[in-house]
Amino acid sequence: MSTEKRASDARATLFEAIDQRTDELIETVAELVRRPSELGHEALVQEYVAEHLRGTTNDVDVWDIDEAIKSEPNAGDSGVPFAGRPNVTGKIAGAGGGKSLILNGHIDVVSPEPVDQWTHDPWGAEIVGDKMFGRGAYDMKSGVAANLFLPRLLEDLGIRLKGDLTVHSVIEEECTGNGTLAASLRDTADAALVTESVGRRSPIGHLGVIWFRVAIQGRSAHAGWATQGVNAIVKAVPIIQALHQLDADLNLNVHPLYEGIDHPINLNIGVMRSGDWPSTVPGECEIRCRVSFFPDMSRDEMHRTIETTVMAACAGDPWLEAHPPVITYNGFDTNGCAIDAEDPFIRALENASLDGTDFPLDPQVGTAVNDMRYYIFRGVPSTCYGADGGNAHAVDEWLDLPSMPRLARTMAALLVDWCEVA
Ligand SMILES: [Zn+2]
């Protein structure tokens with residue numbers, strides 16, 4: 001049988017099986033959603049992932065990340081020890097001769113708070129019409145389910161690929177990227193697909209991102225004699241104004257890749273904590289921020305920019321000059337990445353999207369990070385392709401259920417084309 005015929009037969013068989021087994025794919029998403037997996041509580045869902053993979057292959061590894069990963073370039077620090085919060089790797093050896101592929105997905109989810117604003121149980125995986133509601137249903141247990149489902153289909157249908165297939169189910173995508181960083185250092189391949197919830201807008205690069213904290217010291221006092229204290233909230237005001245100005249300044253010279261995107265760089269002042277009593281002058285104030293930066297800037301340069309900005313805001317204030325704010329980095333601390341839009345892997349995904357769904361792929365640069373960068377840093381071409389949905393990181397997150405077989409079909413076409421059928 002010709003290679004072309006083998007490929008088209010395999011594609012047709014896989015597409016038919018996807019249509020027949022869509023309920024199973026969706027139930028896999030539901031199983032994942034019903035296992036809450038916020039930072040520090042990933043073990044339960046990873047147990048399910050490992051169990052599912054064991055039904056497909058004998059080569060499944062459940063492994064804790066080494067604390068030493070934090071000293072790697074582009075690592076972050078979530079402050080939570082890695083023990084008991086494993087990554088999971090599953091490998092399906094190919095027959096040889098084809099290109100290898102990694103399928104990556106993160107199982108960590110952000111907090112569902114404020115839970116009382118949800119109209120569905122965030123861990124209920126409730127289905128209404130064409131939507132499944134739940135934290136992580138869209139971002140991205142949808143993609144993890146597809147990463148489990150496709151190898152299972154190949155196994156059940158007896159379709160052997162030439163190239164090796166590796167599944168990475170990782171932690172900490174939402175706060176550091178350490179899960180994929182560690183996985184990318186253990187396994188390499190000819191390409192890596194992150195089935196992140198970006199729909200068909202596959203990123204060909206994304207910005208660098210840093211999380212930082214600014215701790216501002218004051219001096220507490222009774223509000224009746226407030227002038228004896230130093231109000232840390234008031235002292236934070238010029239620093240907040242300076243950071244807000246930095247947000248504007250960072251958008252003045254837009255990197256060519258990001259031209260046409262409205263306000264691509266965002267310095268978000270996400271958390272502010274201070275004070276606990278109306279009649280007490282607050283003695284400390286903490287601001288926590290996320291800032292992005294263009295690929296022509298390094299994390300070290302961005303660190304310096306943050307530090308210079310904060311210190312400049314203190315100039316002329318005797319208290320702040322004598323008690324300089326302390327800046328620490330406690331989460332994402334990574335450069336951005338880019339991949340050539342003409343890269344053979346992007347081309348293969350474009351073809352797979354057309355074969356699988358008739359929808360053209362729309363590659364574009366992204367303003368939010370995802371885990372693809374770690375593979376690119378290692379020289380492995382990578383991008384994302386995922387399900388559709390809405391309200392990621394928001395109340396009533398939902399997954400568009402018809403997009404699941406669409407995702408699976410494109411992945412099937414990619415596997416056949418990239419890894420080739422033996
Ligand atoms: Zn995600």
Side-chain angles (χ1 to χ4, degrees), residues 37-43 45-46 63-88 104-111 113 139-140 168-186 194 196 206-217 239 243 266-273 284-293 295 297-310 324-337 368-378 393:
S37 51
E38 287 169 77
L39 176 66
H41 302 91
E42 303 90 339
V45 75
Q46 289 290 56
W63 51 284
D64 285 344
I65 299 168
D66 197 312
E67 296 290 335
I69 196 82
K70 291 177 188 169
S71 53
E72 287 288 331
N74 300 298
D77 187 352
S78 71
V80 184
F82 290 121
R85 308 164 50 225
N87 270 355
V88 179
N104 170 293
H106 70 85
I107 50 74
D108 56 313
V109 297
V110 299
S111 158
E113 291 297 340
D139 178 14
M140 61 159 285
H168 284 162
S169 178
V170 304
I171 66 169
E172 286 204 10
E173 190 271 352
E174 299 285 6
C175 58
T176 64
N178 287 338
T180 292
L181 170 58
S184 73
L185 296 176
R186 279 166 61 113
V194 180
E196 181 63 274
H206 66 67
L207 299 166
V209 165
I210 290 173
W211 282 9
F212 63 97
R213 294 185 194 207
V214 186
I216 298 136
Q217 199 187 320
I239 295 165
L243 291 172
N266 289 284
L267 192 163
N268 183 53
I269 300 169
V271 178
M272 184 181 178
R273 284 215 183 93
E284 56 191 11
C285 178
E286 183 186 61
I287 306 162
R288 295 170 62 182
C289 307
R290 170 268 196 203
V291 65
S292 51
F293 52 101
M297 198 176 197
S298 71
R299 2 168 359 231
D300 290 342
E301 284 174 86
M302 194 65 226
H303 283 195
R304 280 199 296 278
T305 303
I306 293 163
E307 287 153 19
T308 311
T309 302
V310 170
V326 176
I327 299 170
T328 49
Y329 301 92
N330 65 309
F332 289 114
D333 197 0
T334 178
N335 289 329
C337 66
V369 285
N370 67 70
D371 273 350
M372 67 186 266
R373 66 187 180 281
Y374 292 111
Y375 298 109
I376 290 179
F377 293 157
R378 298 273 290 160
H393 294 218

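Keep in mind it's a predicted model, so treat the numbers as computed, not measured.
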Going by heavy atoms in the side chains, are [X] and [Y] under 4.5 Å from each other?
X	Y	value
Met302	Phe212	no
Asp333	Thr176	no
Arg373	Leu181	no
Asn330	Asp77	no
Glu38	Val109	yes

Heavy atoms of other groups near [X] [atom1], more than 12 under 6.0 Å:
X	atom1	answer
His303	NE2	yes
Glu284	CD	no
Arg186	CZ	yes

| message | For Phe332 and Trp211, take the angle between the two ring planes, folded into 0 to 90°, and tell me which bin it lands in: parallel under 30, tilted 30 to 60, perpendicular over 60. | response |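 Ring orientation, 0 to 90° scale: perpendicular.
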
Polar contact flag, side-chain donor to acceptor under 3.5 angstrom, [X]-[Y]:
X	Y	answer
Asn370	His106	no
His168	Tyr374	no
Ser78	Asn178	no

Please enumerate all residues that pass side chain to side chain donor-acceptor pair (under 3.5 Å) together with Glu301, with sequence neighbours excluded.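 Residues passing side chain to side chain donor-acceptor pair (under 3.5 Å) with Glu301: Ser298.
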
**Prompt:** Who passes side chain to side chain donor-acceptor pair (under 3.5 Å) against Arg304, sequence neighbours left out?
**Reply:**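 Arg304 satisfies side chain to side chain donor-acceptor pair (under 3.5 Å) with no other residue.
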
N/O donor-acceptor pair under 3.5 Å between [X] side chain and [Y] backbone:
X	Y	result
Gln46	Pro86	yes
Asp371	Gly105	no
Asp64	Ala83	no
Asn266	Asn268	no

What's the separation between atom [atom1] in [X] and atom [atom2] in [Y], rounded to the nearest 0.5 Å?
X	Y	atom1	atom2	result
Asn335	Met297	CG	CE	10.5 Å
Leu185	Thr180	CG	OG1	10.5 Å
Met272	Ile216	CE	CD1	7.0 Å
Ile287	Ile269	CD1	CD1	6.5 Å
Tyr329	Ile210	OH	CD1	6.5 Å

Considering only residues two or more places apart or on different chains, which pairs with a residue in residues 170-185 satisfy salt bridge (Lys or Arg N to Asp or Glu O under 4.0 Å)?
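Those involving residues 170-185 are Arg85-Glu172.
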
Show, in sequence, the C-alpha distance, side-chain angles and deciding distance for Ile171 and Leu39, and conclude whether the side chain to side chain contact (heavy atoms under 4.5 Å, CB included) test is met. CA-CA 8 Å; Ile171 66 169; Leu39 176 66; over 6 Å; no

